[in-house]
Participant: 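Below is the structure I would like to discuss, written out as C-alpha cells.
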Amino acid sequence: MESKQHLYLVDGSAYIFRAYHRLPPLTNPLGVPVGAVYGYTTMLWRLADDLNKAEGPTHLAVILDASGKSFRNEIYPEYKANRPPPPEDLKPQFPLIRDATRAFSLPCIEEPGLEADDLIASYARAACERGWDVTIVSSDKDLMQLVGPHAGGRIEMLDTMKNQRIEEPEVEEKFGVPPTLVGDVLALMGDAVDNVPGIRGIGPKTATKLIQEHGSLEAALAAAPGMKPSKLRDNLIEHAEMARLSRVLVALKEDCALPVPLDDFKLGEIPPAPLTAFLEEHGFTSLLKRLDGGRGSPERKTQLNPAKPVTAGAAQAADGARQPLPDMSAVDRSAYACVQTLDDLDQWIARAFAARVVAFDTETSALDAMRAELVGISLATGPNQACYIPLAHGGTDMFAEKPQQIDRAAALARLKPLLESDAVLKIGQNAKYDLNVMARYGIAVAPLDDTMVMSFDLDAGRGEDGIGGGHGMDELAARHLGHTTLAFKDVCGTGKKAIPFGEVPLDRATEYAGEDADVTWRLHALLRPRLSSEGATRVYERVDRPLVPVVAQMERHGIKVDRERLASLSATFAAEIAKLEGEIHTLAGQEFTIGSPKQLGEILFDKLGYKGGKKGKTGQYSTDQSVLERLAGEGAEMATKVLEWRQLSKLRSTYTEALQAAINPDTGRVHTSYSLVGAQTGRLSSTEPNLQNIPIRTELGRQIRDAFVAEPGNVILAADYSQIELRLAAHMADVPALKEAFAEGQDIHARTALEMFGEVNRDTRGRAKTINFAILYGISRWGLAGRLGVSSDEAQAMIDRYFERFPGIRAYIHSTLESVRTNGYSETLFGRKCWFPRIGSSNPNERMGSERAAINAPIQGTSADIIKRAMVRMMPALEAAGLGHVRMLLQVHDELVFELPEGDVAAASDVIRNVMAGAAQPAVTLSIPLGVEIGTGPSWGAAH
DNA sequence: ATTGTCACG
DNA sequence: ACGTACGTGACAATT
C-alpha cells in the first residue's frame, strides 16, 4: 500500500518580505541585493532536506502572488491600496525568487488575478480531497482559516522562521476561535496593511469576544440592536455592510482552476547543475560548500551525482545570466557601439534585461540637472560592453543636417520599461543627476545603485594625503582601475571654443559616453563587494542609497523665492553700501578697494597707524571680523564702517543678487543641488546655490529668509532638532548630568553654567555655551582662551572643571582617539566610517587638527545619519497619513523645511515630529530624547 | 587657482 | 617655532 502523500505549499511572496526584514542586506558579486533571496534559498534547502523524513514532503510547490490587481480589487477598489511600495533593495529580489525555485527544479505557480492565498487554498483543498496531508509554509494569518481536517486529509501550517507548526490549538491561541471562525474575526477587525475596512473601533480583542459570544459574524451583527447602547453597538449597526464586504475580502477562493495538476508537484531528485550555477551566481558560498562537501544537502543529489564546480561559462549557458566574475580587461573605447536604429536599441535593452544589471549615464546640454536637455544615453552591461544612444545631436540649427539617430520620444518609450524595471539594477555615478534629468522626461529610474555614494561610504576622508580623496568618476577610475578617462574638455573643448555635447561628432561622443558607462560598471563590480567586506553595507543600504531618490525629489521641488522682495532688499543694501563707501574713503583720505583685504590692511595699519599683526605666510595684515571688532572697540570709526560695509556687501552679492539669478525660469523656483559626498562626516552639502547658509543670525540677514515663501494657500514648516549634537555627545560619552538635563528638558547651557560656575546669569550661560561647543569641536586650551578672552591657564582650569563635572567626556575623547589611531577611522553610532590618514602625522599641526576633527566626526556624523534616516522615512510616513502632497524642500543639517497647505499643518506636524524624533530607532536606542521644534509661517523667516 | 572673508549648522 | 574649535560653499580680489 502506498504511504500517505504529503503536499508542501510554500507561500513564497510572504516569505521574502519577512526574510528581507530579518536578514542583513547581503548582495551578490554583481551588487544585486540578495539578502531575502538567501533566506528563501536556505528555507527551500531545509524543506528539500526533509524529503526522506517521515513527516517530510512527497510533493512540493512554491506559490507566488502574480503582479497586478486581483479579483478582490473588483469587489473593493481600495483593497491593498495602503500598501507602501517595497523597499528599493527588495524590488530586484522578487524575480530572483523564481530563479531560486527553478534552481531547485521545483514548480513555481502564479496566476494573474489570483493571490497566492487563493491558489494555496485551492491546492490544499484539492489535495485533501485526494486524501493527502498538506503543510502550508507560511505564517500568514489569513491562511489560518484553512487549518484542520478536510475530506480525507488535514491541513497545517509551518512557520519556518520560528520553526513552529501551526495547528488548531495555535490558531485558537491566536484568535480565540477555531480556524473555521477565523474569517469572521478577521472581517470584524479589518486589516490596515491590506486595507480591509472591518468595523471602526474594533480590534482583535473585541472581534474575538464578539465571535466567541455570538458564534458567527452574522449572529453578532444580528444581535447588535439588542446590545446595551454604546459606541460599539452603533458601529456594528452602522458599518454592518463594511463587515460583510470585509468577510468577502478575507474569504479564500478555494475553487480556483489549478493551473498545474497536483501530480506534477511530485518531488524528485534535484539536479545539481542549475542549483550550483545559481549558488555561484549569487555568491552563496556556504551553501555551495555544503553541496560539494560530502554531507551536503539536499542530500540525495550529492550522493547520486556529486556536483562538479560549474564554470562561469556553463553558468552563462545555463540561464543566460552574465558570468559572476567580471573579466577586467583594459578599457577599449573602440569597442563601444553607437545605437542609431530601434532594432539595435531593442537588442541592447534585451541584453540589459538578461544581464539584470546595467550601468547608465546621461549626456546633456548643461550641468544643471533642472535645466539640462537630454542629448544621449549610454549603457554598459559589462567591461567594454557599452553603447551610446544619441538622441539630440546636431545642435540647434534647424536646417543643418543631423546625424542619424533614433527619435528621442521613441527611444525613451523603449527605454522606460528597462529603466523602471524592478528586475534590472541600474548603476549610476552620481546617479542623482541622471535621476533628475530622467524624471523630467517622465522616467523614474529604479532600482538604483550609485558608485559615487559607495565610494564615499567606503573611503570618506581617505587619501587626503596623496592619492586624492575625491569620489568623482575620473578620480575613481584612476584610483581603482588605473585608467585615465577622456576628460569632458578633451571632447567639448574649453573656454570660448567649448561646444555643447550635442555638437560632438557621434564617433567621439560614443567613446566618451560609452566610457562613462563602462567605467561606472567596472567601478560597481569593484566597490560593491567591498561594502560588505568592509562593513559599509548598513550605512549604504539603509541610509545613503535610499536617500538618493529622496534628495533628488527635494531638488526637483525647489523652493519659491520672492524676486521682488529680494530686488527691493538689494536696492536698499546698495544705497547703504554706496554711502558707507564714501564715508570710508573720506576717513582713509583716499579712494581704495574696500573689498581688498590687502589694501584695507595697508590703509588701517600702515597709513592710519592702528596696531595689528601680520599673517605668517603671505605677509599680509589680517582684517577679519575679530580684528575689526577689536579696532572698533578701541574707537576706530573706520573699522565699524568697514564691518557694516562687509556685511551689506556679503548679503547683497551672495544672497539678494545671486538668489534672483538662481530662479529657474521654467519652474519659477530655486533648485539647489545637494552633494551626498561633500562633507567627510556624512553631512550633506548644498551648492548652486548653497541654501544651507541663508542668513538668520542678524536681523538684517534674516530678512533674506523672509523672501523664501510658500505658494498661495500654503505655508512653510520648519522642523529643527534641538541641540542634537550636544544630546548625542551626552549619550555617546555617557555623561549623567547632561543626560539628566536633557531628560528633564532643562536649558542645557544654563545647566552647564550652574555646574561650571555655580550660578546662572547672562555671562556664565554665554561662557558655558562656548565651552559646550568647544567640547564638540575638540577642545584646546588656546582655542578656548581666545574665544573667552581669558588666559590659557584659566581656559585649562575650565576644561579641567568641565571634565570633572561631566565625567565621561574625557574617556570619550580618549577612547575615540585611541580607536582612530588603531583603526585609521572613526565611526558613527550607525557605522559610518570617516578616515583620518594624518592622525599619526609627525607635523603637530596636522596631527592635532586631525585629532580635533576625529573627536567631532562621530557626533556630527551620527547627527547626519539620524536626519538622513528621518528624510528616508518622511514621505512614506506622510503618505500613510494621507499627506502625500506635503513637499519636503530643504535640509539644513538639523532642520527640514516643508511646504504644505495651511489646513494640514496640525496633522503634518505630528507625523514630522514623530519621524524625526524616532529616526534613530530601531537601529540605535538613545539614552536621551531627541527634541524637535516646529514652526510655520508664510515664509521660511516667519517659520522660525 | 588661491586667498581671505563670512554666511550657515 | 609654530598656532589652534568641527563641518561646509560663495564671492571678490589677486596671483
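Just so it is clear, the structure is predicted and the values come from calculations on it, not from any experiment. These values consider heavy atoms only, across backbone and side chains, with no hydrogens, waters or symmetry-generated copies. Here is how names work: the chains are called A, B, and so on, in the same order as the sequence lines, proteins then strands, and each is numbered from 1.
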Participant: Do A:Glu688 and A:Thr672 make a side-chain contact, defined as non-hydrogen atoms from C-beta onward lying under 4.5 Å apart?
Facilitator: no

Participant: Counting any heavy atom closer than 4.0 Å, what does A:Thr593 reach on the DNA or RNA strands: base, sugar-phosphate only, or nothing?
Facilitator: sugar-phosphate

Participant: Given C:dG3, C:dG9, C:dC6, which nucleotide is nearest the side-chain atoms of A:Met848?
Facilitator: C:dG3

Participant: Just compare C:dG3, B:dT5, B:dC8 and give me whichever is closest to any side-chain atom of A:Thr623.
Facilitator: B:dT5

Participant: Hey, is CD on A:Gln746 packed in by over 12 heavy atoms from elsewhere, all under 6.0 Å?
Facilitator: yes

Participant: Identify the residue among A:Lys868, A:Arg832, A:Arg462 that makes a salt bridge (charged side-chain N to carboxylate O under 4.0 Å, His left out) with A:Asp457.
Facilitator: A:Arg832

Participant: Counting heavy atoms from C-beta on, name the nucleotide in C:dA13, C:dT4, B:dC8 closest to the side chain of A:Ser596.
Facilitator: C:dA13

Participant: Sticking with atom P, work out how far B:dT3 lies from C:dG3, rounded to a whole angstrom.
Facilitator: 15 Å

Participant: Any idea which of C:dT8, B:dG9, B:dG4 is nearest the A:Pro597 side chain?
Facilitator: B:dG4

Participant: Using whole Å, report how far CD1 of A:Ile799 lies from C1' of C:dA5.
Facilitator: 11 Å

Participant: With a non-hydrogen cut-off below 4.0 angstrom, is A:Ala864 in contact with a base, only sugar-phosphate, or nothing?
Facilitator: nothing

Participant: Specify the separation, in whole Å, of atom CH2 of A:Trp645 and atom P of B:dA7.
Facilitator: 13 Å

Participant: Which of the following nucleotides, C:dT4, C:dG7, B:dA7, is nearest to the side chain of A:Ala853?
Facilitator: C:dG7

Participant: Given the C1' atoms of B:dC8 and C:dA5, what is the spacing between them in whole Å?
Facilitator: 16 Å

Participant: Just the rounded figure in Å: distance from C1' of C:dA5 to CD of A:Gln625.
Facilitator: 16 Å

Participant: Which whole-number value in Å describes the distance from A:Lys598 NZ to B:dT5 C1'?
Facilitator: 17 Å

Participant: For a side chain to side chain contact (heavy atoms under 4.5 Å, CB included) with A:Leu726, tell me which candidate from A:Ile775, A:Thr752, A:Leu776, A:Val735 qualifies.
Facilitator: A:Leu776

Participant: So A:Glu688, base contact, sugar-phosphate only, or nothing? Heavy-atom distance under 4.0 Å.
Facilitator: sugar-phosphate

Participant: Quick one: which of C:dA13, C:dG7, C:dA10 gets closest to the side chain of A:Arg683?
Facilitator: C:dG7

Participant: Within the structure shown, what part of the strands sits under 4.0 Å from A:Ser686 by heavy-atom distance: base, sugar-phosphate, or nothing?
Facilitator: sugar-phosphate

Participant: What is the distance, rounded to the nearest whole Å, between atom OH of A:Tyr621 and atom P of B:dT5?
Facilitator: 14 Å

Participant: Can you check whether A:Leu829's main-chain N or O pairs, donor with acceptor, with A:Thr862's side chain at less than 3.5 Å?
Facilitator: yes

Participant: Side chain of A:Gln680, heavy atoms from C-beta onward: which of B:dG9, C:dT4, C:dT8 has the nearest atom to it?
Facilitator: C:dT8

Participant: How would you label the contact of A:Arg646 with the nucleic acid (heavy atoms, under 4.0 Å): base, sugar-phosphate, or nothing?
Facilitator: sugar-phosphate

Participant: Between C:dC2 and B:dA7, how far is it from one P atom to the other, in whole Å?
Facilitator: 31 Å

Participant: Does NZ or CZ of A:Arg767 lie under 6.0 Å from the centre of the six-membered ring of A:Phe757, at an angle within 45° of the ring axis?
Facilitator: yes

Participant: A:Lys650 side chain: which of C:dT8, C:dA10, B:dC8 is closest?
Facilitator: C:dA10

Participant: Any idea which of C:dT8, C:dC11, B:dA7 is nearest the A:Ala658 side chain?
Facilitator: C:dC11

Participant: Given atom CD1 of A:Ile577 and atom P of C:dA12, what is their separation to the nearest angstrom?
Facilitator: 11 Å

Participant: Of the listed nucleotides (B:dT5, C:dC11, C:dA5), which one gets closest to any side-chain atom of A:Thr654?
Facilitator: C:dC11

Participant: Assess whether one donor atom and one acceptor atom, taken from the side chain of A:Arg787 and the base of C:dA5, lie less than 3.5 Å apart.
Facilitator: yes

Participant: Mind checking A:Ile855 for me? I need base, sugar-phosphate or nothing, with any heavy atom below 4.0 Å counting as a touch.
Facilitator: nothing

Participant: Does A:Thr770 reach a base, just sugar-phosphate, or nothing at all? Heavy atoms under 4.0 Å.
Facilitator: base

